[in-house]
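Here is the structure we will look at, set down as structure tokens.
As a basis for the values below, the full set of heavy atoms in this structure was taken, side chains included, without hydrogen atoms, waters or symmetry mates. In what follows, chains carry the letters A, B, and so on, assigned in the order in which the sequence lines appear, proteins first and then strands, with residues in each chain numbered from 1. Keep in mind the model is a prediction, meaning the values are calculated, not measured.
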Amino acid sequence: MQGSAVQAKFYARPTESVARGLLGHILVSDVGGRRHQTAGRIVEVEAYVGPHDPACHAYGHRRTPRTEPLYGPPGTAYVYFTYGMHWCLNAVTEPQEFPAAVLIRALEPLAGFATMRKRRGKEPLCSGPARLCEALGVTGALNGVSLQRGVLRILEGTRPRKRDIVAGPRIGITQATNWPLRYYLKGSPWVSAVR
DNA sequence: ACGCAGATTTTCT
DNA sequence: GAAAATCTGCGTT
């Protein structure tokens, strides 16, 4: 998988812009070695915009061991564990010390289908934040790593047309449910299902 | 196709 | 003790 990595400067901006801008880019994982490389095009994301966002883990500047990566440099991974069994992957945004991130919710699978099927055991492979983590082998071991080099990378992809980006309420949260901070590609069959 | 409950553990109250 | 940025399996329609 080739292409230039998205640079830190891209992430050091308002989280909603980064979220929209990530659509169409490519997430690559070399977890388990390059022979088991997996990759997909980002088709669905959610913005968690900072201490003033009741749904953000760092709401009210809750700085704990868990939320520490949110305060780290832009362009790194925030991987958290939830519901007793699932990992979810975020890209940390905004300047260092401002705790915000973009949750990667769904990918269009592009490479490493056999590895993804083996890890997942079933379809869909990458439609849902915990599903794509399982398919790409993402766990807490990757919490805080760079997304510009190393085993997890986000590469420049094809930028979608603006009119193909849809905004709507975030999923699975109980706070600030009417902020339209979920973005996805219109008509994509890889977007996760809404309950 | 839809709805509901179970899984399982970290984190904070 | 309860909730959590979820997913799956099983029941019913």
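A straight line from OH of A:Y59 to P of B:dC12 spans 16 Å, rounded to a whole angstrom. Rounded to a whole Å, the CD atom of A:E44 is 10 Å from the P atom of C:dT6. Rounded to an integer number of Å, the gap from A:H57 NE2 to C:dA4 P is 10 Å. Put simply, OH on A:Y80 is 18 Å from P on C:dA3, counting in whole angstrom units. Put simply, CZ on A:R62 is 11 Å from C1' on B:dT13, counting in whole angstrom units. Computed from coordinates, the A:R63 CZ to B:dT11 P distance equals 16 Å when rounded to whole Å. Atom CZ of A:R66 is separated from atom C1' of B:dT9 by 11 Å (rounded to the nearest Å). Rounded to a whole Å, the CZ atom of A:R170 is 14 Å from the P atom of C:dA4.
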Please tabulate, for side-chain N and O atoms in residues 124-140 of chain A, each donor-acceptor pair with protein atoms closer than 3.5 Å (sequence neighbours left out).
{"residue": "A:S127", "atom": "OG", "partner": "A:W190", "partner atom": "O", "Å": "2.7"}
{"residue": "A:R131", "atom": "NH1", "partner": "A:S127", "partner atom": "O", "Å": "2.8"}
{"residue": "A:E134", "atom": "OE1", "partner": "A:R120", "partner atom": "NH1", "Å": "2.9"}
{"residue": "A:T139", "atom": "OG1", "partner": "A:A141", "partner atom": "N", "Å": "3.3"}

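Linking Ile, Leu, Val, Met, Phe, Trp and Tyr residues whenever their side-chain heavy atoms come within less than 4.5 Å places A:V6 and A:I104 in a single cluster.
For residues 84-97 of chain A, proximity to DNA chain B is found at A:G84, A:M85, defined as any non-hydrogen atom under 4.0 angstrom from a strand atom. Taken residue by residue, residues 130-143 of chain A places heavy atoms nearer than 4.0 Å to DNA chain C at A:A130, A:R131.
A:T82 has no side-chain polar atom (N or O) that falls below the 4.0 Å cut-off from OP1 or OP2 of B:dT9. Phosphate proximity of C:dT6 to A:R105: present, with a side-chain N or O under 4.0 Å from OP1 or OP2. Checking the phosphate oxygens (OP1, OP2) of C:dA4, a side-chain nitrogen or oxygen of A:T174 falls inside 4.0 Å.
Partners of A:T174 by side chain to side chain donor-acceptor pair (under 3.5 Å), not counting sequence neighbours: none found.
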**Item:** DNA chain B base-pair string [pairs: Watson-Crick or G-U under 3.5 Å; |: paired with another strand]
**Value:** |||||||.||||.
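In this structure, of B:dT10, C:dT6, C:dG9, it is C:dG9 that holds the atom nearest to the side chain of A:K122. In the set C:dA5, C:dC7, B:dT9, the nucleotide with an atom closest to the side chain of A:Y48 is C:dA5.
With contacts defined as side-chain heavy-atom distances shorter than 4.5 Å, the pair A:L185/A:E108 does not qualify.
Across all strands, A:R120 comes closer than 4.0 Å only to sugar-phosphate atoms, never to a base (heavy-atom distances).
In this structure a side-chain-to-backbone donor-acceptor pair under 3.5 Å is missing from A:Q175 to A:I173.
Going from the P atom of B:dG3 to that of C:dA5 covers 23 Å, rounded to whole Å.
The two atoms that bring A:L89 and A:L103 nearest to each other are O-CD1, 3.5 Å, heavy atoms only. The two residues A:A91 and A:Y11 come nearest to each other via the heavy atoms CB-CE2, 3.9 Å. The two residues A:P74 and A:Q148 have their closest heavy-atom pair at O-NE2, 4.0 Å.
Counting only residues at least two apart or on different chains, the ring-ring contact (aromatic ring centres under 6.0 Å, His included) pairs with a member in residues 23-44 of chain A are A:F10-A:H25.
Between A:Y78 and A:H57, the ring planes lie perpendicular to each other; the angle is over 60°, past the 30° to 60° tilted range.
Using a 3.5 Å distance cut-off with no hydrogens or angles, the side chains of A:Y71 and A:H61 do pair a donor with an acceptor.
Between A:R182 and A:E44 there is a salt bridge, since at least one side-chain N of the basic residue sits less than 4.0 Å from a carboxylate O of the acidic one.
By the stacking rule of 5.5 Å between ring centres and under 30° between planes, A:Y83 does not stack on the base of B:dA7.
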